[in-house]
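Here's the structure we're looking at; comments come further down.
Along the sequence shown, the residues carry numbers beginning at 1.
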Amino acid sequence: MISGVGVDVGGTRLKFGRVSAGRVEQRAVLSLEAGDRTPDALIRLLAQGVAAVAADPAALHGVGLGIAGVLSADGRRVLQSPNLPWLDGHALPDALEAALGVPVWADNDANCVGWGEARAGAGRGESRQICLALGTGTGGSLVLDDRLIRGDRGRGAELGHLAVDPDGPPCGCGGRGCLEQYASQTGLCRILRAWGEPVASPDAAVRAIFARPEEPAHAAAIRAAGGALGRAVAHLHALFDVDCFVFAGGIAASLALLEPSLLDAVADAGVTPASLSLRQGSLGVDAGTIGAAALADAPRSGQTAR
């Protein structure tokens with residue numbers, strides 16, 4: 001596995017990791033302050049963070065960036081980033097390459113999570129697998145024959161917007177009944193509110209759901225999330241003939257509570273649950289950083305791995 005530096009480019013923080021043999025060896029975190037919200041300022045911070053985790057940045061094999069949003073098909077331009085709208089249209093990898101003098105790759109953050117699990121985590125050794133990243137929203141990645149599938153426009157594998165209930169609640173993407181409306185922090189809090197439960201802190205509310213699963217509203221949220229995941233898994237299994245599913249992100253830590261309703265939904269869809277390999281991600285919060293560092297090993301269409 002190719003080693004390098006991976007960076008999780010978030011809306012408020014930049015998380016850096018020097019990765020070797022699929023593990024993070026050195027870490028750094030920088031805050032993205034109000035005055036830093038310009039492409040030039042971001043480049044300076046990225047260069048600073050890379051230098052903090054790599055004694056000699058010029059000797060690196062490369063740097064990978066995981067960004068929440070849509071990138072161009074070649075990965076060289078940020079097309080749309082909800083958390084960093086001032087980056088829209090910016091060729092961030094090229095600018096950082098010029099600053100560092102080493103190759104830079106970039107991809108959607110959920111693709112980085114899935115690629116990290118595929119190369120060094122729960123999906124290692126499986127040439128065909130799907131990762132569902134269950135966090136604030138629901139992301140996904142698709143690996144077929146050891147290739148990360150991104151689509152011709154860079155918009156592939158937006159699995160959180162797979163419709164699992166056409167009569168379900170509206171989603172921010174413009175659709176209805178998307179997986180994200182059930183199996184994410186956003187979705188779980190939506191269900192709590194529908195039960196009349198107050199949600200002062202989304203993080204605390206989701207922790208409470210899985211800490212006290214016997215409470216009626218919590219049990220309803222777990223059943224809805226698990227059932228939605230099961231329907232999505234059944235659809236994806238039928239579409240891509242993939243048996244290995246990796247669940248990553250904070251909510252995936254409670255996979256055991258989601259699994260009964262997930263498996264019921266899989267069976268209801270005509271899929272034999274025993275034919276599937278359902279795995280909890282093993283890299284935790286490092287999955288995206290490790291996957292970003294390994295982007296050199298995830299060639300795009302028409303490219304070969306370096």
>> With a 3.5 Å distance limit and no angle check, can you tell me whether Asn111 reaches the backbone of Asn108 through a side-chain donor-acceptor pair?
In response: no
>> To the nearest 0.5 Å, what is the distance between CG on Leu239 and CD1 on Ile130?
In response: 8.0 Å
> Ignoring hydrogens and geometry, is there a side-chain-to-backbone donor-acceptor pair from His61 to Gly4 under 3.5 Å?
Replying inline: no
>> To check you understand the geometry: which heavy-atom pair defines the closest contact between Ala99 and Ile43, and what is its length?
In response: CB-CG2, 3.9 Å
> Do Val29 and Val53 sit in the same hydrophobic cluster, where Ile, Leu, Val, Met, Phe, Trp and Tyr count as joined when their side-chain heavy atoms come under 4.5 Å apart?
Replying inline: no
> Any link between Trp86 and Val9 through a network of hydrophobic side chains (Ile, Leu, Val, Met, Phe, Trp, Tyr) touching at under 4.5 Å?
Replying inline: yes
>> Quick check: do Leu188 and Tyr182 have side-chain heavy atoms less than 4.5 Å from each other?
In response: no
> So if you build clusters from Ile, Leu, Val, Met, Phe, Trp, Tyr with side-chain heavy-atom gaps below 4.5 Å, do Leu87 and Val70 land together?
Replying inline: no
>> Quick check: do Leu132 and Leu159 have side-chain heavy atoms less than 4.5 Å from each other?
In response: yes
Side-chain donor-acceptor pairs of residues 268-279 under 3.5 Å, sequence neighbours excluded:
{"residue": "Ser275", "atom": "OG", "partner": "Thr272", "partner atom": "O", "Å": "2.6"}
{"residue": "Ser277", "atom": "OG", "partner": "Arg279", "partner atom": "NE", "Å": "2.8"}
{"residue": "Ser277", "atom": "OG", "partner": "Arg279", "partner atom": "NH2", "Å": "3.4"}
{"residue": "Arg279", "atom": "NH1", "partner": "Ala122", "partner atom": "O", "Å": "2.8"}
{"residue": "Arg279", "atom": "NH2", "partner": "Glu126", "partner atom": "OE2", "Å": "2.7"}

> What is the minimum heavy-atom distance between Val246 and Gln129, and which atoms define it?
Replying inline: CG2-OE1, 4.0 Å
> Are any of the side-chain heavy atoms of Arg18 and Val24 separated by less than 4.5 Å?
Replying inline: no
> Do Val19 and Val5 have side chains that get closer than 4.5 Å, going by heavy atoms?
Replying inline: no
Atom pairs and distances, donor-acceptor, side-chain atoms in residues 161-177, under 3.5 Å, two or more places apart:
{"residue": "Asp165", "atom": "OD1", "partner": "Asp167", "partner atom": "N", "Å": "3.0"}
{"residue": "Arg176", "atom": "NE", "partner": "Gly168", "partner atom": "O", "Å": "3.0"}
{"residue": "Arg176", "atom": "NH2", "partner": "Gly168", "partner atom": "O", "Å": "3.1"}

>> Could you report the tightest heavy-atom contact between Ser141 and Gly114, atom names first, then the distance?
In response: OG-CA, 3.1 Å
>> Name the residue from Asp107, Val7, Asp8 that meets the side-chain contact (heavy atoms from CB on, under 4.5 Å) definition with Cys112.
In response: Asp107
> So do Cys131 and Val113 actually touch side chain to side chain, heavy atoms under 4.5 Å?
Replying inline: yes
>> Test of understanding: clusters of I, L, V, M, F, W, Y form through side-chain heavy atoms closer than 4.5 Å, transitively. Do Leu144 and Phe245 belong to the same one?
In response: yes
> Are the side chain of Ser254 and the backbone of Leu257 linked by a donor-acceptor contact shorter than 3.5 Å?
Replying inline: no
> What pair of heavy atoms forms the shortest contact from Ala106 to Leu71, and how long is it?
Replying inline: CB-CD2, 3.5 Å
> Are the side chain of Ser72 and the backbone N or O of Arg77 linked by a donor-acceptor pair below 3.5 Å?
Replying inline: yes
> What closest approach, in Å, do Ala183 and Thr138 show between heavy atoms, and which atom pair accounts for it?
Replying inline: O-OG1, 2.7 Å
>> What verdict does the salt bridge (charged side-chain N to carboxylate O under 4.0 Å, His left out) test give for Glu97 and Arg76, after you've listed the backbone C-alpha separation in whole Å, the side-chain angles of each residue and the deciding distance to 0.1 Å?
In response: CA-CA 11 Å; Glu97 268 191 9; Arg76 308 311 296 175; 3.2 Å; yes
>> The test is side chain to side chain donor-acceptor pair (under 3.5 Å); show your working for Asn83 and Ser81 and say whether it passes.
In response: CA-CA 5 Å; Asn83 294 334; Ser81 176; 5.7 Å; no
> So do the side chains of Leu79 and Asp88 get within less than 4.5 Å of each other, counting heavy atoms only?
Replying inline: no
> Under 3.5 Å, is there a donor-acceptor pair between the side chain of Arg37 and the main chain of Leu32?
Replying inline: yes
> Could you give the distance from CG (Leu30) to NZ (Lys15), rounded to the nearest 0.5 Å?
Replying inline: 12.5 Å
>> Nearest 0.5 Å, please: how far is CG in Leu148 from CZ in Arg119?
In response: 10.5 Å
> Are any side-chain N or O atoms of Arg128 and backbone N or O atoms of Phe240, one a donor and one an acceptor, separated by less than 3.5 Å?
Replying inline: yes
> Does some side-chain heavy atom of Asp36 sit less than 4.5 Å from a side-chain heavy atom of Leu42?
Replying inline: no
> What's the spacing between Leu45 CG and Phe16 CZ if we round to 0.5 Å?
Replying inline: 7.0 Å
> Are the side chain of Thr186 and the backbone N or O of Thr136 linked by a donor-acceptor pair below 3.5 Å?
Replying inline: yes
>> A side-chain contact here means heavy atoms from C-beta on lying under 4.5 Å apart; do Val143 and Ile149 qualify?
In response: no
> Any ion pair linking Arg27 and Asp286 (charged N to carboxylate O, less than 4.0 Å)?
Replying inline: yes
Show me, pair by pair, the donor-acceptor contacts under 3.5 angstrom made by side chains of residues 214-230, not counting sequence neighbours?
{"residue": "Glu215", "atom": "OE2", "partner": "Arg212", "partner atom": "NE", "Å": "2.7"}
{"residue": "His218", "atom": "ND1", "partner": "Ala208", "partner atom": "O", "Å": "3.3"}
{"residue": "His218", "atom": "ND1", "partner": "Arg212", "partner atom": "O", "Å": "2.8"}

>> Working to the nearest 0.5 angstrom, can you tell me the gap between Leu283 CG and Thr289 OG1?
In response: 10.0 Å
>> Show the nearest heavy-atom pair for residues Ala287 and Glu117, with the distance to one decimal.
In response: CB-OE2, 3.9 Å
>> If I take atom CH2 from residue Trp115 and atom CG from residue Leu142, how far apart are they, to the nearest 0.5 angstrom?
In response: 11.0 Å
>> I'd like to know if Arg190 pairs up with Glu180 as an ion pair, taking the criterion as any Lys NZ or Arg NE/NH1/NH2 lying under 4.0 Å from an Asp or Glu carboxylate oxygen.
In response: no
